[in-house]
Amino acid sequence: MTAATHSTLFPQAPDTADAVLDGLDPEQREVATALHGPVCVLAGAGTGKTRAITHRIAYGVRAGILQPSSVLAVTFTNRAAGEMRGRLRQLGAGGVQARTFHSAALRQLQYFWPKAVGGGLPRLIDRKIQLVADAASACRIRLDRGELRDVTAEIEWSKVTQTVPADYAAAAAKTGRVSPRDPAEIAQLYATYEDLKRDRAVIDFEDVLLLTVAILQDRHDIAEQVRSQYQHFVVDEYQDVSPLQQRLLELWLGERDSLCVVGDASQTIYSFTGATPDHLLDFRTRHPGATVVKLVRDYRSSPQVVRLANGLLSQARGRAADHRLELISQRAPGPEPVYAEYTDEPAEAEGAARRIRDLVASGIPAGEIAILFRTNSQSEIYEQALADAGVPYQLRGAERFFDRPEVRKAGAALRAAARFGANDSLLDDAVDLPSQVRAVLSGEGWTSQPPAGSGAVRERWESLAALVHLAQDFAAAKHGATLGDLVAELDERASAQHAPTVQGVTLASLHSAKGLEWDVVFLVGVAEGMMPITYAKTDEQIEEERRLLYVGVTRAREHLLVSWALSRSPGGRPNRRPSRFLDGLRPGSVATADRSAGGGPGGIERGIGSSGGAVVRRTSRTPARCRVCGRTLTDAGEMKLMRCEDCPSDMDEGLYERLREWRAVQAQRSGQPAFCVFTDKTLMAIAEAAPDDEGELARIPGVGVRKFNRFGADVLAICAGQEPAGGGEGD
């Protein structure tokens, strides 16, 4: 797992300002040298945007155009900010401030609060969910754990969109937001939550931004003081800014235009938190004279991976899709993406673990492999499968590396050894820096082999193993380095939150994988209901799910494996199908038109060609009705039959039995259960309709395109009283 561009771990800083530009492509160089006026960088996945903007800052600093203390670079995660600080330090621009919006605002709020308000800043709460629970209790509203989380998310969304409690219901309706409870209840809980905060003299993370905005708006003297310090702003991941963050940025800027923003509308995956790409897409409108640079040279992924990524976006709809970037791979050709279908989720996890074990045995480091999934709840089954296969792994999304207790203890032990190592018998046989580190950390629980199983013990070992690997890399890059030198490096990395790479397979949600990359990526659970996820109902939500899959695909450098399971549990009904986003992209599938806004497998598919040249048309525009009594049908089985269970059937019993006998032969040939060929309800529907041609057969519910192409000729022959040709043995 590394950042978006490759570099050596401990490079020497460039000698001159011009040397900072070495190795940049023409577009990246244009970004790096455009130091005046507003600049908008539209950067596709893997195109080296972080490289471009860090070299831009470093070039400006090294050329004497920018003062390090006058530059504020902001991004959205502590990890990204830490990586940016680390890169700037390597480029000789270590004095530049690189922070998240929240951390930058908090520093300003702490400094100016006594002057603007008086007294000390109220205590900042780490988690607001307990306060939301107290608000619910005060309102006498019962919320379970899931509802508590959902209501908390609604409060956060309201605050970043600058919506007050009284306006919540109207704002949610206007934006099409689906409230987890009655909007009036959400508004009441939100108002009570704010009252409790005031009563207890605490603030939350959203308040940090809101209060900073309020002070800068009301106190022009303070605003000018901030503007006198920061003259130049760089905003990474600009497609993810919320209205509140945009307002804070505008107050930081004042009337100036010394601003560089970087983003990709096709990677907008946090709209549920209030993020919107509109500020990125409207940048040229707000700043007519802006320099706009597009980065489309993909240095990360092979042409095969890039082709799939471009294909995903080619089917997208909406404003973000209208501004998509067509990536051009700069890498040598690699293997085609692999698609795998499994009977159930445990089989899918075991299949991934077996493949990973073989990949590691072939020489691919475990740290260069990732398993990415839609929801965090999917991780457990993969943790167990990897543990059973003896493959090391790490979970992303936990606490920051240098904040982990075992890492802090290890740092203290290394620091003590650096000071008093001459008197430590542990180091008597240690001949070089890596062996010294291994000796010290063995006292903290590190062993040469990982512990069996998963859980906290394994996680602690992975943290210590990361430090051992870092020591090896550091010694290789800095000949003659001492234990004291390593401790100093660790201190600098901890300050910048520049964590080392953990040598284990990464398990991560697609959201938390944003900004990372691996040689090998397993995208698992890519089935309808999970991708897009069931609760994605509107066109906008469906498109965000597509962008989320795009982010997952573009994490892979060379090997990409996409899989899905037909059922959740062994023996379960195999009623799942691959994600609609893969239609026309995976082998054997055909492109489909937009489906309906609903998140289920139903929808609209137009213009799908069959093997015989007929055109299959499926529509769900009108409700299904019983062809006998006219009642609206809702049961899936009845919809297949196109009649109520109780209504009389005109099924040809002989045809039904011939179809059942044929199905049994097909099931035996393919080694699958009979219902995987056609369900009983579908056979009954065929026997009732007795189709004469391809068009009639294709219109029967349950006869999908794949099965039509595979079995259509046989079924039509049976319906015509003929012997089937014997096709359908293979896909």
Here the pair of heavy atoms bringing V262 nearest to A43 is CG1-CB, 4.2 Å

Report the distance from atom CD of Q378 to atom CG of L372, rounding to the nearest 0.5 Å.
10.5 Å

Hydrogens and angles aside, do Q229 and Q225 bring a side-chain donor and acceptor to less than 3.5 Å of each other?
no

Flag for E544-S271: side-chain donor and acceptor within less than 3.5 Å:
yes

Which atom of V160 lies closest to which atom of P243, heavy atoms considered
O-CD, 3.7 Å

What I want to find out is whether E206 reaches K128 closely enough, with some N-O distance under 4.0 Å, to be called a salt bridge.
yes

Under the side-chain contact (heavy atoms from CB on, under 4.5 Å) rule, what do L281 and D322 come out as? Steps first, then yes or no, please.
CA-CA 10 Å; L281 299 179; D322 292 341; over 6 Å; no

Is the backbone N or O of D264 less than 3.5 Å from a side-chain atom of Q239, with the two atoms forming a donor-acceptor pair by type?
yes

Student check: side-chain heavy atoms of Y230 and W252 closer than 4.5 Å:
no

Please list, chain by chain and in numerical order, all residues satisfying side-chain hydrogen bond (donor to acceptor under 3.5 Å, both in side chains) with Q245, sequence neighbours excluded.
S242

Could you walk me through whether R319 and D282 pass the salt bridge (Lys or Arg N to Asp or Glu O under 4.0 Å) check?
CA-CA 11 Å; R319 192 176 183 215; D282 293 338; 2.4 Å; yes

So among V74, T54, V96, which one has a side-chain contact (heavy atoms from CB on, under 4.5 Å) with M84?
T54

Could you check if a side-chain atom of D491 sits within less than 4.5 angstrom of a side-chain atom of R415, using non-hydrogen atoms only?
yes

Given side-chain contact (heavy atoms from CB on, under 4.5 Å), test R200 with D134 step by step and report yes or no.
CA-CA 12 Å; R200 300 178 185 182; D134 293 345; 2.9 Å; yes

Flag the pair T375 / M530 as yes when at least one side-chain heavy-atom distance between them is below 4.5 Å, and no otherwise.
yes

Mind checking what makes side-chain hydrogen bond (donor to acceptor under 3.5 Å, both in side chains) contact with D182, not counting sequence neighbours?
none

Measuring only between side-chain heavy atoms, which start at C-beta, is F76 closer than 4.5 Å to V241?
yes

Under 3.5 Å, side chain of E543 to main-chain N/O of R317, donor-acceptor pair present?
yes

Would you list the pairs meeting ring-ring contact (aromatic ring centres under 6.0 Å, His included) in which at least one residue belongs to residues 149-203, sequence neighbours left out?
none

How long is the gap from CD1 on I65 to CD1 on I57, to the nearest 0.5 Å?
13.5 Å

Mind listing the closest non-hydrogen atom pair of G119 and W113 along with its distance?
O-CD1, 3.4 Å

Does any part of the side chain of K159, heavy atoms only, come nearer than 4.5 Å to the side chain of L244, both counted from C-beta?
no

Run through K49, R87, R51 and flag the one making a salt bridge (Lys or Arg N to Asp or Glu O under 4.0 Å) with D236.
K49

Please check if the number of heavy atoms outside R284 that lie under 6.0 Å from its CZ is greater than 12.
yes

Please report the C-alpha distance between R227 and E224 in whole Å, then the side-chain angles of each, then the deciding distance to 0.1 Å, and finally whether the salt bridge (Lys or Arg N to Asp or Glu O under 4.0 Å) criterion is met.
CA-CA 5 Å; R227 292 166 192 159; E224 287 305 317; 2.9 Å; yes

Closer than 3.5 angstrom, by distance alone: can the side chain of S137 be matched with the main-chain N or O of A133 as a donor-acceptor pair?
no

So, do E147 and I141 sit near enough that their side-chain heavy atoms are less than 4.5 Å apart?
no

Out of the candidates L210, L251, L109, only one should pair with I215 under the side-chain contact (heavy atoms from CB on, under 4.5 Å) rule; please name it.
L109

Side chain proximity check, H279 to L249, heavy atoms < 4.5 angstrom
no

If you look at every heavy atom in A169 and P183, which pair is closest and at what distance?
CB-CB, 3.8 Å

Side chains of H323 and L42, heavy atoms from C-beta outward: is any pair under 4.5 Å?
no

Within the supplied structure, the quantity of interest is the number of heavy atoms (other residues, nucleotides, ligands) at a distance under 6.0 Å from K409 NZ; does it exceed 12?
no

Any donor-acceptor N/O pair, R56 side chain to V234 backbone, under 3.5 Å:
no

Do you know the tightest heavy-atom contact between T192 and C139?
OG1-SG, 3.1 Å

Atom CG in L280, atom CG in D278: separation rounded to 0.5 Å?
9.5 Å

Short question: side chain of R547, backbone of I269 - any donor-acceptor pair under 3.5 Å?
no

Donor-acceptor pair, side chain of R300 and main chain of T554, under 3.5 angstrom
yes

Rounded to the nearest 0.5 Å, what separates atom CG in L253 from atom CD in Q231?
10.5 Å

Short side-chain to backbone donor-acceptor contact, H55 and R29, under 3.5 Å:
no

Apply the test side-chain contact (heavy atoms from CB on, under 4.5 Å) to residues R219 and F112: give CA-CA distance (whole Å), side-chain angles for both, the deciding distance (0.1 Å), then the verdict.
CA-CA 10 Å; R219 292 291 300 268; F112 291 114; over 6 Å; no

Assess whether side-chain contact (heavy atoms from CB on, under 4.5 Å) is satisfied between L121 and I203, documenting all intermediate values.
CA-CA 9 Å; L121 182 69; I203 59 175; 4.2 Å; yes

Any idea which heavy atoms bring P180 and D150 closest together, and the distance?
CB-CB, 3.6 Å

Give, for atom OG1 of T212 and atom OH of Y111, the distance between the pair rounded to the nearest 0.5 Å.
15.0 Å

Kindly say whether V551 contributes a backbone atom to a donor-acceptor pair with the side chain of R555 at under 3.5 angstrom?
yes

Please round to the nearest 0.5 Å and tell me the distance separating atom OH of Y550 and atom CG of L313.
5.0 Å

So K514 and E237, salt bridge (Lys or Arg N to Asp or Glu O under 4.0 Å) or not? Walk me through it.
CA-CA 10 Å; K514 177 79 165 58; E237 304 289 2; 2.8 Å; yes

Any donor and acceptor pair, going by atom type alone, linking the side chain of Q28 with main-chain N or O of T47 inside 3.5 Å?
yes

Under 3.5 Å, is there a donor-acceptor pair linking the side chains of Q110 and Q108?
no

Any donor-acceptor N/O pair, R374 side chain to L548 backbone, under 3.5 Å
no

Looking only at side-chain N and O atoms, does H232 offer a donor or acceptor that is under 3.5 Å from a partner on S258?
yes

